[in-house]
Each structure stands twice: as C-alpha cells, then as structure tokens.
Amino acid sequence: MRAGLVQLNVTDDPVDNLRVTQDLVDQAASGGADFILTPELTNGLSSDRAHQRSVFRHEAQDETLAALCAKANAHEVWLLIGSLGLLTEDADGRFANRSFLVGPDGKVAARYDKIHMFDVNVSETEVYRESQGYRPGQSAVVHDTPFGAIGMTICYDLRFPGLYRRLAQAGADILTVPAAFNHITGAAHWEILLRARAIETGCFVLAPAQTGFHAETHRKGRRTHGQSLAVAPWGEILADGGTEAGVTLVDLDLSRVAEARRRVPSLSHDRGFDGP
C-alpha cells in the first residue's frame with residue numbers, strides 16, 4: 001500500500017487553504033497513493049476565536065469536507081482529512097477538532113474528535129489553552145479498510161500512550177497522527193514520540209503535519225514544526241517530509257505489523273499491579 005502524506009502551511013482562510021490542499025491531494029493521487037492524509041486543522045489555523053467563528057462551519061455545511069470527499073471519490077482513494085475546525089451546538093460555543101476518514105466512494109467512513117486538549121505553557125511568551133476554544137472528544141476510534149485497520153488520533157494525543165495501546169489492542173494496524181505540532185516541542189519531542197508509539201504498539205504510524213509560519217489576519221500568527229513522518233512497526237523512519245509544504249509518498253508492507261508483534265508480543269503481556 002502506498003501512502004501520501006500531505007504537508008501544509010495553512011493560513012486562517014479556509015477558501016485559500018482548500019485550493020492548496022486539493023492540488024496536493026491531486027499530486028498524491030497522481031503519485032499512486034492509495035491512502036492520502038492531510039494534517040490537523042486542514043481548513044485553517046487561527047488563535048482568534050471570533051475569526052474562527054466567522055469562518056468555521058457546521059459539519060453538514062463545511063466546504064472543505066465536501067470538496068475533499070469529492071476528491072476521494074474522483075481518485076477512488078482512501079483519504080484522512082487530518083482534522084477540521086467545526087462549529088458545534090454546544091451551549092458554551094466551543095468548536096470540534098474532528099478527523100474524518102473518507103472512503104473511495106466519497107463518503108465519511110469514520111469520525112474522531114480529538115480527546116486531549118493542548119493546554120500548555122511552552123514558554124513565557126507561548127501559552128496555549130486549546131480547551132477554551134475546543135471541546136474534547138470522548139471516544140477512541142478504529143476503522144477497518146481493505147489495507148488494514150486505522151486507529152485515529154490527533155496531535156497532542158501523541159503524549160498519551162494508553163490511547164495508542166488501546167487502539168492497537170482493538171486491532172489497529174496503522175495509527176494516524178495528523179498534527180499542527182508546536183515548533184519548540186516538535187524539535188524536542190515529535191520524532192521520539194512517534195517512534196515510541198510505533199514500537200510500543202507494533203503499528204505503522206502516519207503523521208502528516210502543518211509546517212512553517214502560519215499568517216493570521218488579526219494576530220501575529222504562529223509556527224509549526226513540519227517533518228511529516230511515516231514510521232514502521234519496528235520503529236525506523238520510512239519517510240520524512242522535511243519543512244516545506246508538499247507531498248511525501250511512502251510504501252507500506254502491512255505484513256510487518258504481524259512480524260513486529262510476533263517478535264515482541266508486548267500487547268498481550270499486560271499485568272495488573274499494586275500501588276503506588
């Protein structure tokens with residue numbers, strides 16, 4: 001199976017972002033990708049809640065979702081829309097950060113709402129409180145495809161290995177980690193965490209990322225780390241997208257999942273213990 005990791009440098013304008021994303025999805029399909037993946041918040045990055053409310057849509061009205069579903073159908077490929085920022089009916093007005101797995105028929109096969117919120121103090125000048133704008137999801141998701149079962153996660157989920165173990169024990173062969181990883185934490189932790197999740201679970205890990213400086217209309221913008229990665233079940237890096245927007249193609253041999261788990265069957269070695 002050939003995967004195509006789409007690396008984006010989005011702005012806070014979903015219309016412009018969609019044009020770029022569609023072109024890169026076309027490029028990945030032309031390169032023979034059977035499974036194409038885009039990053040977290042494919043429709044746009046913004047720290048301005050008022051601006052987000054003006055450009056985000058409910059799922060049923062979202063133009064990015066509709067257009068990318070049409071692309072999956074046109075190319076007859078599986079497509080992971082890493083995530084979209086969406087309006088919800090929540091009384092507190094918080095958005096959803098939702099990942100979509102779309103089949104070759106152009107229909108949404110599975111949805112996953114990001115569980116873990118990025119509420120961190122990266123530095124004295126970089127403070128994030130994702131939970132103020134986005135509501136956390138409640139359910140883990142694994143979905144079967146002809147080439148393997150997909151366990152869906154998003155970005156900050158990466159720091160919670162229990163989620164990935166649950167997904168692998170539920171049958172996942174491929175773990176998806178679309179991200180807009182901070183440039184500081186990304187330089188320190190991104191590659192290490194992705195390799196660890198692959199090794200711990202015996203899964204392939206596919207992590208399409210946002211990259212570079214993301215311009216915003218009313219704010220100074222922010223930087224993301226880039227370096228979209230494909231990691232094998234034994235932990236080696238199969239492909240690295242670097243720091244430029246574009247497409248990275250990688251071939252996956254799904255028999256390597258069973259091989260890695262045969263060599264180190266740790267998923268079946270859980271034991272209860274006392275304390276602390």
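Given the structure is predicted, the values throughout are model-derived calculations rather than measurements.
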Atom pair CZ (Arg222) and CD (Glu126), whose distance is rounded to the nearest 0.5 Å: 9.0 Å
Measuring from atom CG of Leu8 to atom OG1 of Thr211, what distance do you get when rounded to the nearest 0.5 angstrom? 10.0 Å
Among all residues two or more places apart in sequence or in another chain, which pass the side-chain hydrogen bond (donor to acceptor under 3.5 Å, both in side chains) test with Asn73? none
Give the minimum heavy-atom separation between Leu5 and Ala207, together with the two atoms involved. CD2-N, 4.4 Å
Going through the distances and angles, do Thr42 and Val10 end up as a side chain to side chain contact (heavy atoms under 4.5 Å, CB included)? CA-CA 7 Å; Thr42 289; Val10 299; 5.8 Å; no
Do Glu216 and Ser47 have side-chain heavy atoms sitting under 4.5 Å apart? yes
For Ser131, is there any backbone N or O sitting under 3.5 Å from a side-chain donor or acceptor partner on Asp119? yes
With clusters defined by side-chain heavy atoms of hydrophobic residues (ILVMFWY) lying less than 4.5 Å apart, directly or transitively, does Leu86 cluster with Met117? yes
Who pairs with Arg166 by salt bridge (charged side-chain N to carboxylate O under 4.0 Å, His left out), at least two apart in sequence or on another chain? none
Could you list the donor-acceptor pairs under 3.5 angstrom formed by side chains in residues 239-249, with sequence neighbours left out?
{"residue": "Asp240", "atom": "OD1", "partner": "Gly242", "partner atom": "N", "Å": "2.8"}
{"residue": "Asp240", "atom": "OD2", "partner": "Gln227", "partner atom": "NE2", "Å": "3.2"}

Using the side chain to side chain contact (heavy atoms under 4.5 Å, CB included) rule, take Leu167 and Thr153 through it: C-alpha gap first, then chi angles, then the decisive distance, then the call. CA-CA 9 Å; Leu167 293 170; Thr153 72; 3.5 Å; yes
Hphob cluster co-occupancy, Phe56 + Tyr112, side-chain heavy atoms under 4.5 angstrom: no
Taking atom CD of Glu63 as the centre, report whether more than 12 heavy atoms of other residues, nucleotides or ligands fall under 6.0 Å from it. no
Starting from Ile237, can I reach Val6 by hopping between I/L/V/M/F/W/Y residues whose side chains sit under 4.5 Å apart? no
What verdict does the side chain to side chain contact (heavy atoms under 4.5 Å, CB included) test give for Gln210 and His225, after you've listed the backbone C-alpha separation in whole Å, the side-chain angles of each residue and the deciding distance to 0.1 Å? CA-CA 7 Å; Gln210 297 281 356; His225 178 65; over 6 Å; no
Spatial distance of atom CG (Leu229) from atom CG (Leu206) [nearest 0.5 Å]: 10.0 Å
For Asp13 and Val15, indicate whether the former's side chain and the latter's backbone hold a donor-acceptor pair under 3.5 Å. yes
Shortest non-hydrogen pair, Leu45 vs Ala180, comes out as CD2-CB, 4.2 Å
Over all heavy atoms of both residues, which pair between Ala260 and Pro233 is shortest? Give the atoms and the distance, please. CB-CB, 3.7 Å
Spacing of Ile36 atom CD1 and Thr21 atom OG1 [to the nearest 0.5 Å]: 12.0 Å
How are the rings of Tyr128 and Phe118 set relative to one another: parallel (under 30°), tilted (30 to 60°) or perpendicular (over 60°)? tilted
On a heavy-atom basis, the closest approach of Ala3 and Ala33 is C-CB, 4.2 Å
Taking ring-ring contact (aromatic ring centres under 6.0 Å, His included) as the test, write out the residues that go with Phe35, two or more places apart. Phe147
Side-chain (Ser266) to main-chain (His269) donor-acceptor, under 3.5 angstrom: no
Residues at least two apart in sequence or cross-chain that pass side chain to side chain contact (heavy atoms under 4.5 Å, CB included) with Ala67, listed by chain then number, are Leu18, Gln22
Would you say Leu24 ends up clustered with Leu37 if hydrophobic residues are merged whenever their side chains have heavy atoms under 4.5 Å apart, either directly or through other cluster members? no
For a quick test of your reading: what N or O donor-acceptor pairs under 3.5 Å do the side chains of residues 168-177 make, sequence neighbours left out?
{"residue": "Gln169", "atom": "NE2", "partner": "Leu267", "partner atom": "O", "Å": "2.8"}
{"residue": "Gln169", "atom": "NE2", "partner": "Asp270", "partner atom": "OD2", "Å": "2.5"}
{"residue": "Asp173", "atom": "OD2", "partner": "Ala149", "partner atom": "N", "Å": "2.8"}
{"residue": "Thr176", "atom": "OG1", "partner": "Gly151", "partner atom": "O", "Å": "3.3"}

SB check Lys114 Glu130 (cutoff 4.0 Å): yes
Does the Arg57 side chain pair with the main chain of Val55, one donor and one acceptor, at a distance under 3.5 Å? yes
List in chain and number order the residues that pass side-chain hydrogen bond (donor to acceptor under 3.5 Å, both in side chains) with Asp144, two or more places apart in sequence or in another chain; answer none if no residue qualifies. none
Listed by chain and number, what are the side chain to side chain contact (heavy atoms under 4.5 Å, CB included) partners of Glu236, not counting sequence neighbours? Ala232, Trp234, Leu238, Arg256
Applying side chain to side chain contact (heavy atoms under 4.5 Å, CB included), run through His183 and Thr224 and close with a yes or a no. CA-CA 5 Å; His183 66 295; Thr224 55; 5.9 Å; no
Stepwise, does the side-chain hydrogen bond (donor to acceptor under 3.5 Å, both in side chains) test hold for Ser46 with Asp48? CA-CA 5 Å; Ser46 174; Asp48 185 329; 5.5 Å; no
Please check if the side chain of Glu40 supplies one atom and the backbone of Ile154 the other of a donor-acceptor pair under 3.5 Å. no
Quick one: CD1 on Ile150 to SG on Cys203, what's the gap to the nearest 0.5 Å? 9.5 Å
Counting C-beta onward and ignoring hydrogens, is there a side-chain heavy-atom pair between Arg129 and Asn121 closer than 4.5 Å? yes
Got a list of side-chain donor-acceptor pairs under 3.5 Å for residues 133-141, not counting sequence neighbours?
{"residue": "Tyr134", "atom": "OH", "partner": "Gln52", "partner atom": "NE2", "Å": "3.1"}
{"residue": "Arg135", "atom": "NH1", "partner": "Asp90", "partner atom": "OD1", "Å": "2.8"}
{"residue": "Arg135", "atom": "NH1", "partner": "Asp90", "partner atom": "OD2", "Å": "3.0"}

Residue pair Leu68 / Val102, side-chain heavy-atom distance below 4.5 Å: no
Under a single-linkage definition using a 4.5 Å side-chain heavy-atom cutoff for Ile, Leu, Val, Met, Phe, Trp and Tyr, are Trp190 and Phe204 assigned to the same hydrophobic cluster? yes
Less than 4.0 angstrom from a charged side-chain N to a carboxylate O is my criterion; do Arg2 and Asp251 meet it? yes
Suppose we screen for side-chain hydrogen bond (donor to acceptor under 3.5 Å, both in side chains). Which residues come up paired with Arg197, at least two apart in sequence or across chains? Glu200
Looking only at heavy atoms, which two atoms of Arg94 and Thr88 are closest? And how far apart? O-OG1, 2.7 Å
What's the shortest heavy-atom distance between Met152 and Ala110, and which atoms? SD-CB, 3.9 Å
Residue set satisfying side-chain hydrogen bond (donor to acceptor under 3.5 Å, both in side chains) with Arg53, at least two apart, ordered chain then number -> none
Measuring centre to centre across the rings, with the benzene-like ring taken for any Trp, is His116 within less than 6.0 Å of Phe160? yes
Atom CG of Asp157 and atom CD1 of Ile115: how far apart are they, to the nearest 0.5 Å? 6.0 Å
Sequence neighbours excluded and cut-off under 3.5 Å, please list the side-chain donor-acceptor pairs for residues 74-85, or say none.
{"residue": "His75", "atom": "NE2", "partner": "Asp26", "partner atom": "OD1", "Å": "2.7"}
{"residue": "Ser83", "atom": "OG", "partner": "Leu41", "partner atom": "N", "Å": "2.7"}
{"residue": "Ser83", "atom": "OG", "partner": "Asn97", "partner atom": "OD1", "Å": "2.6"}

